[in-house]
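Just so it is clear: chains get the letters A, B, ... in the order the sequence lines come, proteins before strands, and each one is counted from 1.
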2 protein chains.
Amino acid sequence: MHLIARHGYAAVSMRQIAAEVGVQAGALYNYTPNKQSLLFDIMRVHMEDVLASWDAQDKTGTALKRLERFTRFHITFNLPRADEVFISYMEMRNLSSENFDQIETMRRKYETGLEDILRDGVAQGQFALPDLRITTMALIALLNGLNTWYRENGRLGLAEVERIYWDLVRKSVAV
Amino acid sequence: MHLIARHGYAAVSMRQIAAEVGVQAGALYNYTPNKQSLLFDIMRVHMEDVLASWDAQDKTGTALKRLERFTRFHITFNLPRADEVFISYMEMRNLSSENFDQIETMRRKYETGLEDILRDGVAQGQFALPDLRITTMALIALLNGLNTWYRENGRLGLAEVERIYWDLVRKSVAV
DNA sequence: TATTTAACTGAACAGATGTTCAGAAATAAA
DNA sequence: TTTATTTCTGAACATCTGTTCAGTTAAATA
């Protein structure tokens, strides 16, 4: 997973992966039918993890409170999974079309979680959005950007990052 | 360029590129010393374009006005260059280390353009930011997200997209 | 038109690719 | 210890990879 995240699925060979775990290339085929499903499994497991974890979150409270919960959840969940998140966003084009559709459906489901919160917030007059769908995509992109620059042992800790991002998100949807 | 944007640098062979333009693979080497500099040139030219075009923009006015100008410039410039932008963000890891450094320096310079505006806005009391550097990265990520979903002939035109994004950006940095 | 320059082909190169599989090695069960 | 099962090796496969280059074709110049 780390090799793929670092060099890209297409640039990493089965022999490199095998060497990394200390076996010959042929041995990998006891665990995966082919290279493609190695990629697919990484992404599928990751997306299932995301959806299950988000599903287990508290869904009560005002739209504002739920938006904060989503923001903090997204950051808390994604930061320690840099490789999975990176792969899940960078390697979509290397999925076969059936696999692509499956992963995209799961991602859409996750995005809908945010979209529902935003819609409720607008209905309750807590949020003012120029466009529901675009705001959803924009906020996801904003939060995902975190993974491109955040480094453990960097200037800021998880709690500060959460607070800073929540501040940006909160204001961007404010009335 | 389109092939690389669609399938990724590592997944596209010189023979595929040659076939796309109607020659044999060998003929490409009259135009590029190797595959790597094909990628590098795409990214270098693109970044030079961005920097030159941004440099030519009006730099006067309040921080708020300048931020609006940056937002609209970024969208207007990037939307018709989907392939270049996509490549420039996805293929960094496939650059040799010297080439990587060059492109990263140029990108940093562009980001500094935004960071300077934000800093001035804070100094003038027009913006309230939780963290200067993070806000810079977050806004860039937010704006770049546009390229992942925007489709020509879609629901929204350029002018509407600009307005919607400017609305989000403006509010996220508001006092 | 004849000559010089530029562009392209097609084959060759050494090595890498994903995948298969008979047989060896290691582990678990009897 | 013997047998059964799981795991891994190492070689082989057909094909693809980036790149080079002598020789051919096309375009520009005289």
- Message: Return whichever of A/Pro33 or B/Ala25 has its heavy-atom-nearest nucleotide of DNA chain C closer to the 5' end.
- Response: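 The answer here is B/Ala25.
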- Task: For A/Ala27 and for A/Arg15, locate the closest nucleotide of DNA chain C by heavy-atom distance; then report the residue assigned to the nucleotide nearer the 5' terminus.
- Result: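 Per heavy-atom nearest nucleotide, the more 5' residue is A/Arg15.
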Carboxylate-amine/guanidinium contact [X] [Y], below 4.0 Å:
X: B/Glu115; Y: B/Arg133; value: yes
X: A/Arg155; Y: B/Asp131; value: yes
X: A/Lys65; Y: A/Asp58; value: no

For the side chain of [X], counting heavy atoms from C-beta on, which of [options] is nearest?
X: A/Asn30; options: D/dT17, D/dC8, C/dA7; value: D/dC8
X: A/Val23; options: C/dT19, D/dT9, D/dG18; value: D/dT9
X: B/Gln16; options: D/dT17, C/dT19, D/dT19; value: D/dT17

- Query: Given atom CD of B/Gln24 and atom C1' of D/dT20, what is their separation to the nearest angstrom?
  - Reply: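 Atom-to-atom, B/Gln24 to D/dT20, this comes out as 15 Å.
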- In whole angstroms, how far is the P atom of D/dT7 from the OH atom of A/Tyr29?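 Taking atom P of D/dT7 as the reference, OH of A/Tyr29 is at 18 Å.
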- Reckon A/Val21 touches a base, only the sugar-phosphate, or nothing at all at heavy-atom distances under 4.0 Å?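 Nothing, no nucleic acid heavy atom in range.
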- Query: Think A/Ser13 has a side-chain N or O under 4.0 angstrom from the OP1 or OP2 of C/dA16?
  - Reply: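 For A/Ser13, the contact criterion (side-chain N or O under 4.0 Å from OP1 or OP2 of C/dA16) is not met.
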- Task: Establish, for the pair B/Lys35 and B/Tyr29, whether the NZ or CZ atom is under 6.0 angstrom from the six-membered ring centre and no further than 45 degrees off its axis.
- Result: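 No, B/Lys35 and B/Tyr29 do not form such a contact.
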